[in-house]
Amino acid sequence: MLSYVAKSSTMSPYMKATVTAVAGAKQVLNPATVVGTAPSVPYPAPQPTDPKSGDTLRRMAPQSGAVSVTSGVRSSSIVRYAHTDVRVPDFSAYRRTAVKDPTTRSRDSADSRNSFTYLITGSGMVTGAYCAKTLVTDFVSSMSASADVLALAKIEIKLGDIPEGKNVTFKWRGKPLFIRHRTAEEIDTETKVDINTLRDPQPDSDRVKKPQWLVVLGVCTHLGCVPIANAGDFGGYYCPCHGSHYDASGRIRKGPAPLNLEVPEYEFPDDDNLLVG
């Protein structure tokens, strides 16, 4: 029983809510009150049992004096007042001076307004293009090689410092560069090799520009190790990591390496100098 009473106590505000329209002493907010006029076809008089709609309340409200209306659960609004203080938006501050005069047609100043629009649009396009060009240039420059790398893009070697039968290693573009001064015996041996027996067939004449000078990159074509010069079963280069044997022309003769040692771009400016790169 106590639980029922506690739950029903919350319903009391809704049970007491009513909708009434009575004459009050409040002053009218505006000089005029919109009051419905008699329709051409008279409506039946509202009954106390009719739903309290807005139109019913209007016809039940007094036709003179101040009107005070309260709203409840079953009805929302009631009497509307006429508002005469509504201001029309004024956009004069945003208009061009040339078109504010009502006696002047807008098209008379169209040329000057279009010129200004074209000027602003053109300036924006030029500025945007310049910013895009600067951004792209900086981005591409950030990916280019640094100054120290560019300095090693080419390397000049004095051939007189390399004795016959010896191999000298230089650093070029972060890789070991082998320069070999071959003897006449080595040249004769490599030129007589049957290229049909090679894993990567290539004649010795295609790998050198001058027979006595062999220029190759010292990077094993198997897994990128650095071979040892003047070693191996063929007297050229030997990679101790996985047992790849190269001859005095840098061609693979034995082991897991699939290709010959790479020959970089090079040239002889004169008989005493070699330019690689």
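These numbers come from a predicted model, not from an experiment.
Under the side chain to side chain donor-acceptor pair (under 3.5 Å) criterion, D90 pairs with S92, sequence neighbours left out. For D272, the side chain to side chain donor-acceptor pair (under 3.5 Å) criterion is met by no residue, not counting sequence neighbours. Residues satisfying the side-chain contact (heavy atoms from CB on, under 4.5 Å) criterion with T221, sequence neighbours excluded, are Y246, A257, P258, L259.
Within the 4.5 Å cutoff, the side chain of Y118 has no heavy atoms near those of the I120 side chain. Between P264 and L177 the shortest side-chain heavy-atom distance falls below 4.5 Å. In this structure, C241 and C220 have side chains that are not in contact, with every pair of non-hydrogen atoms separated by 4.5 Å or more. Annotation: side chain of P176 is in contact with side chain of V219 (closest heavy-atom distance under 4.5 Å).
One hydrophobic cluster holds both F268 and I155 under the rule that ILVMFWY side chains link at heavy-atom gaps under 4.5 Å. A single hydrophobic cluster is seen to contain both I179 and L261, as judged by linkage of ILVMFWY side chains at heavy-atom distances under 4.5 Å, directly or through other members. Residues L198 and V263 do not share a hydrophobic cluster, clusters being chains of Ile/Leu/Val/Met/Phe/Trp/Tyr side chains in contact below 4.5 Å. Both F178 and I162 are part of a single hydrophobic cluster, where members link through side-chain heavy atoms under 4.5 Å apart. Connection of I195 to V193 is established within a shared hydrophobic cluster, with ILVMFWY side chains joined at heavy-atom distances below 4.5 Å, either directly or through further cluster members.
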H181 vs E164, side-chain contact (heavy atoms from CB on, under 4.5 Å): CA-CA, chis, key distance, verdict: CA-CA 5 Å; H181 191 175; E164 187 178 6; 4.0 Å; yes
Pair T183-I187, side-chain contact (heavy atoms from CB on, under 4.5 Å): steps then yes or no: CA-CA 6 Å; T183 63; I187 296 173; over 6 Å; no
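Contact detail for N167 and A229: the closest heavy-atom pair is ND2-CB, 3.6 Å. Residues C225 and P227 come closest through the heavy atom pair O-CD, 3.4 Å.
Shown here is E156, whose CD atom has more than 12 heavy atoms of other residues, nucleotides or ligands within 6.0 Å.
Side chains of Y237 and N230: no donor on one and acceptor on the other come within 3.5 Å.
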Using a 3.5 Å cut-off and no angle test, enumerate the donor-acceptor pairs between side-chain atoms of residues 208-217 and protein atoms at least two apart in sequence or in another chain.
unit_1, atom_1, unit_2, atom_2, d
K209, NZ, Y266, O, 2.4
K210, NZ, D271, OD1, 3.4

Can I get a per-line list of side-chain donor-acceptor pairs under 3.5 Å for residues 122-133, giving both atom names and the distance, sequence neighbours left out?
unit_1, atom_1, unit_2, atom_2, d
S123, OG, L119, O, 2.8
T127, OG1, S123, O, 2.8

Quick one: side chains of residues 247-254, donor-acceptor pairs under 3.5 Å with protein atoms, not counting sequence neighbours, listed by atom name and distance.
unit_1, atom_1, unit_2, atom_2, d
D247, OD1, S249, N, 2.9
D247, OD1, G250, N, 3.1
D247, OD1, R251, N, 2.8
D247, OD2, R251, NE, 3.1
D247, OD2, R251, NH2, 3.4
D247, OD2, R253, NH1, 3.1
S249, OG, D204, OD1, 2.7
R251, NH1, Q202, O, 2.9
R251, NH2, E190, O, 3.1
R251, NH2, E190, OE1, 3.0
K254, NZ, D233, OD2, 3.0

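Under the 4.0 Å criterion applied to side-chain N and carboxylate O atoms, R180 and E186 are assigned as salt-bridge partners.
For the pair D194 (side chain) and T197 (backbone), a donor-acceptor distance under 3.5 Å is absent.
With rounding to the nearest 0.5 angstrom, the OH atom of Y238 is 5.0 Å from the NE2 atom of H245.
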